[in-house]
Amino acid sequence: MSEWGIGKPVRRREDDRFIRGRGQYTDDINRPNQTHAVFVRSPHAHALIRSIDLEEANAAPGVLAILTGKDVAEDGLAGLICGWTVHSKDGSEMKAGGHPILAAEKVRYVGDHVVLVLAETKAQALAAADLVLVDYEPLPAVSLKNSTEPGSAQVHDEAPGNLCFEWELGDKAATEDAFSKAARTVSIDLANNRLVPNAMEPRAAIGDYDAGRDEYTLWTTSQNPHVARLVLSAFVGVAPEHKLRVIAPDVGGGFGSKIFIYPEETACAWASKKIGRPIKWTADRSEAFLADAHGRDHLSHAELALDEDGKFLGLKVKTKANLGAYLSTFSAAVPTYLYGTLLSGQYDIPAIYVEVDGVYTTTSPVDAYRGAGRPEATYIVERIVETAARETGFDPAEMRRMNFVKTFPHQTPVIMNYDIGDFEASLDKALEVADYAGFPDRKEEAAKRGKLRGIGFSTYIEACGIAPSAAVGSLGAGVGLWESAEVQVAPTGKIEVFTGSHSHGQGHETTFAQLVSERTGLPLEDIEIIHGDTGRVQFGMGTYGSRSGAVGMSAIFKAIDKVEAKARKIAAQLMEAAEDDVVLENGAFTVKGTDKSLSWPEVTLAAYTGHGFDTAEIEPGLKESAFYDPLNFTFPAGCHICEVEIDPETGVTEIVNFTAIDDFGTIINPMIVEGQVHGGLVQGIGQALYEHGIYDEESGQLMTGSFMDYCMPRADNFPGFKLGFTPTVCPSNPMGMKGCGEAGAIGSPPAVINAITDALGIKDIPMPATPARVWAAIQNSATPKAA
Amino acid sequence: MPVVTMTVNGKSVSGEVEGRTLLVNFIRDQLNLTGTHVGCDTSQCGACVVHIDGKAVKSCATLALQADGADVTTIEGLAAGGDLHPVQRAFKEHHGLQCGFCTPGMIMTAVDMIRRKPELDEKTVREELEGNLCRCTGYHNIVKAILAASEEMRA
Amino acid sequence: MYQFDYHRPANLKEAAELLTKCDEAKILAGGQTLIPTLKQRLAMPSDLIDLGALKELSFIKAEGDAIMIGAATPHADVAVNADVRKHLPSLAKLAEGIGDPAVRHKGTIGGSLANNDPSADYPAAVLALDAKIHTTKRLIEADEFFKGMFETALGEDEIITEITFPHPKRAAYVKFPNPASRYAMVGVFVAETPMGIRVAVTGAGQEGVFRVKEMEDALAKDWSADAISGIKVPAENMLSDLHGDAEYRAHLVTVIAKRAVAAAI
């Protein structure tokens, strides 16, 4: 094993540029003769566009062009698409309303794109945008609550009652049967609060059309540049796929929000041909709040049926999911196949039935945000299980243990087939690390200080590396969810790996190189990881859903298999040995049982000279590719335990202890994996305590449109976290990996709310549990608490 | 247009700016020092923190002309003669960054923090980071890195 | 940001002249509120008059029973100044809690007072300590200075030059920050000065900073947290927003005032 190999906390190679300020993010790039774009956005949640007057704006200094939906239509561009088709209970296809690049007839949320202003400088574009006069006829706003009420305004004519789909999963009759036999049932109503992703780098794009070559280049803040290229060419019609190059350079965080194909980058690419100059657009944070796809936003009712011993018999869930004003790139999949399929949690529940109504509202589109559907499912399961334990008098840890899935593979009633896991192992370790046994003493001690202390659990399971492609295709995916890799060995033996995964903070330049180093024995400096450029990487599905380890690295693994096999063949001929006797170890090919050996560069050079082996039998060169389609999803799981202290006078909740014990399968770099957990936890705890995207019910205005009102988690909101791992090796990919990027955000919200409700002795408190809400809950609580 | 002159990373620079030109735009657009980032428009995220006359300030809440005659250090100027500053080294060693976007501002804030408070503890570091947002790391390793750098610099 | 002309006067006289001369001029002190406001295009001044070069306005002096702070003194300087820490530790602590470290390096006491943001910290200190505000034209008593949200007694061509604080017998400031912005949602400054006991509240009131006479009277009789625990300000005068309704803020005023009394040194 090399010193940089699998399992080592290798320090990140990409850090060298970032800590010196030498990263290159999209907004850091400037093209010769570049112009600037500003979007005139809708100030209304919902309105008809009566007319657009551009006369004054067109005359403003520096203006190059002002484009509207009419220009988009004249150029024959189609709208944006949703890449996943969901079907309703009655078999009908979801009712997708059009998603225009620039709204021509109607605007559907505050921030909707209406006019594109192009000018020499950004200041000039902003000044001209002020002069654009759009005459609107306002219509009533549509919220998640009122969307399906009779008489509500219609967001899309295609979707009567604002219902995009009425989806179901599971066996309704079997579930009803389970409930009819139940000794008792537990029910809960839960809201999963809307979140704004807020990657620290705002979205940005530069469209640059080269008239000489009739080619477009688009630099954009994307988690999946090839998918962007595919959508812009095949569906929107900006340019043929081979005439469009999409580059996602350094990207400053994504968390899902940079998966999607948005109007802004589409417009920059398209309009750069119209004005014959490069166009740059960079969102300011206020625009990001308005126009990035948001996350979550569900209202649910759930019921759990139990037998007299506390065993779960059945689960029923009815959810209303906010899709926003338009279907974003993967939005239909999130509250359905990424949600309903996880409702079995870590438990053996014989019958489950879930219904999800996907509704349109006059809010920003809602799509995948760190966890995407799985946090919503985990929140339902872990809150109702905790409630059941309290209502039946079971210890919450023991009620969970009693109902855990204990044998694998395990087929749930909601599609998933859990391949492996050890839920008791993570629970036991978490109980120990969190010192669960010592909690009563800590609670008593806190009470002496006037604080209410509570403890909450979450034993979550999630699904990563969505696959295999044929299976997801049958569920409605418009794409395959494999990954590709190309391993190109230079004559000198240096290796370039072209991967379809995209790193925007995950550290692939390090971890992917660790794998290559492990396999070849080469030091990291001889290995380059190349990603994020459709001009260099053949194809890729990108990075989201914690898929890059289990799927992206597996593709590299398979490509290295091929490289190694070919190199061994060449080495065998060079050393006149049988191929089966040649092994690659520590960067050299040796013939077993002899002292014959050739170094890696000696063999790679020979591969390119074509000397010493039979080129009729073995082609010269050393470059192989692989497309890896996984056999199954992977199922990361774990146990989070949160301990809080509440100040009853102010309602402030302090996280005093947080333990996360996770099973991610094989870990390539524990330092990076821990970092992923830390970040996920802060987003999950942020959802539980701080973050909330709020639209005004009446006006449809975004009330939390800046960091002044949208509470971003800060360093002093948290203690240090206690982490641990209880791995089981995943059987469905060659390295046994599961995925670690989202677990923190998936597992933690119910742990926090379970801890708060435990401290307060109440059933529920809505997320985020702000000081004002906690204080109000204390005031309303039937049992008075000592101050 | 007014001309602004200042020392940036030890070099004297000057350029024509408008009254409204922010220091961060002067640094990024005119000096091409793109390590200083803009992550918000309400002066809360701290991605734009630079040092003016040795003190951390938000370059998005400072006009370029306010810095006339000042000595400005950006992230690009922190590694003296190419050797990384101990805070830069600590961020790498303790995995205090992921996407890297908030990192320049975090590092500049940390350097200033250690200058003002050589005896740091975890609670102080967390409080001192109030003006710097990070969405990737959960702050855990940033705090670790700053404490480690502070200890190293004290030794 | 809209266009404006920028001026950097070399002395106070020049600054005052510019202020009189320019049409819709605004004073630029530290700019930590003004520049974000301009960026949001919520203000459209014709001219900005930067006091940054006026070293004469950046000072802290301890004389007799008073501390004099120049209007352009940054929060960070107030926070660490030895005289302030000795005679007015409550003010040092307040300054140390304004914004974040970078904001404290630029933001100034004069700028904060002239802006009179309803959630700013300094107004509570000035009102509770009965400080004197010196301007280019006159001396203004604290009670006369604050005129409601973003409104002060300052004339259009008047510049704050100095604030004089008495040494209190005891005082403290406790802030309950808005979770998102970290500005004061409720900030209470309690002080016992030679002139009497004062309780000033920032962040909560619809009219900006205000005094709570009932608490002052109660504390005059009995300086203890218990003495004010039953005193509640009327909720109808409190701000109400996403982060807390008026009822909650009114409740917090009492809680935070009690904590300030308990913390007073």
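Below, read A as the first sequence line, B as the second, and so on, with proteins coming before strands; counting in each chain starts at 1. Because only heavy atoms are used, hydrogens play no part in the values below, and waters and symmetry mates are left out as well, while side chains stay in.
Heavy atoms from other residues, nucleotides or ligands lying under 6.0 Å from NZ of K61(C) number more than 12. Heavy atoms of other residues, nucleotides or ligands lying less than 6.0 angstrom from CD of E151(B) number 12 at most. Heavy atoms from other residues, nucleotides or ligands lying under 6.0 Å from NZ of K26(C) number 12 at most.
H105(C) places none of its side-chain heavy atoms less than 4.5 Å from the side chain of I52(B). Counting heavy atoms from C-beta outward, L65(B) and L48(C) have side chains that stay 4.5 Å or more apart. Inter-residue side-chain proximity for Y6(C) and Q66(B) is flagged as met; some heavy-atom pair is nearer than 4.5 Å. Contact of the P36(C) side chain with the Q44(B) side chain is not registered, since no non-hydrogen atoms from C-beta on lie closer than 4.5 Å.
D41(B) and K39(C) get closest at one heavy-atom pair: O-CE, 4.1 Å. The shortest non-hydrogen separation linking A102(C) to V57(B) is CB-CA, 3.8 Å. Across E130(B) and G99(C), no two heavy atoms sit closer than the pair OE2-O, 3.3 Å.
Salt bridge absent: R116(B) and E96(C) never bring a charged side-chain N and a carboxylate O closer than 4.0 Å.
Under the 3.5 Å distance criterion, the side-chain polar atoms of Q32(C) are matched with a main-chain donor or acceptor of A61(B).
Here the CD1-CZ distance, from I35(C) to R20(B), works out to 14.0 Å after rounding to the nearest 0.5 Å. Of the inter-residue distances, the one linking D77(C) atom CG with K55(B) atom NZ reads 5.0 Å to the nearest 0.5 angstrom. For the atom pair CD of Q40(C) and OG of S43(B), the computed distance is 9.0 Å after rounding to the nearest 0.5 Å.
The candidate from K58(B), E127(B), M113(B), M108(B) with the greatest count of non-hydrogen atom pairs under 4.5 Å with chain C is K58(B). Ranked by non-hydrogen atom pairs under 4.5 Å with chain C, the options T109(B), T42(B), L22(B), V49(B) are led by L22(B).
Heavy-atom distances place no part of N132(B) under 4.5 Å from chain C, backbone and side chain included. Residue contact with chain B, scored on non-hydrogen atoms closer than 4.5 Å, involves the side chain of L28(C) exclusively. Residue contact with chain C, scored on non-hydrogen atoms closer than 4.5 Å, is absent for L129(B). Contacts of D50(C) with chain B are made by side-chain atoms alone, with heavy-atom separations under 4.5 Å and no backbone atom involved. Neither the backbone nor the side chain of A79(C) has a heavy atom closer than 4.5 Å to any heavy atom of chain B.
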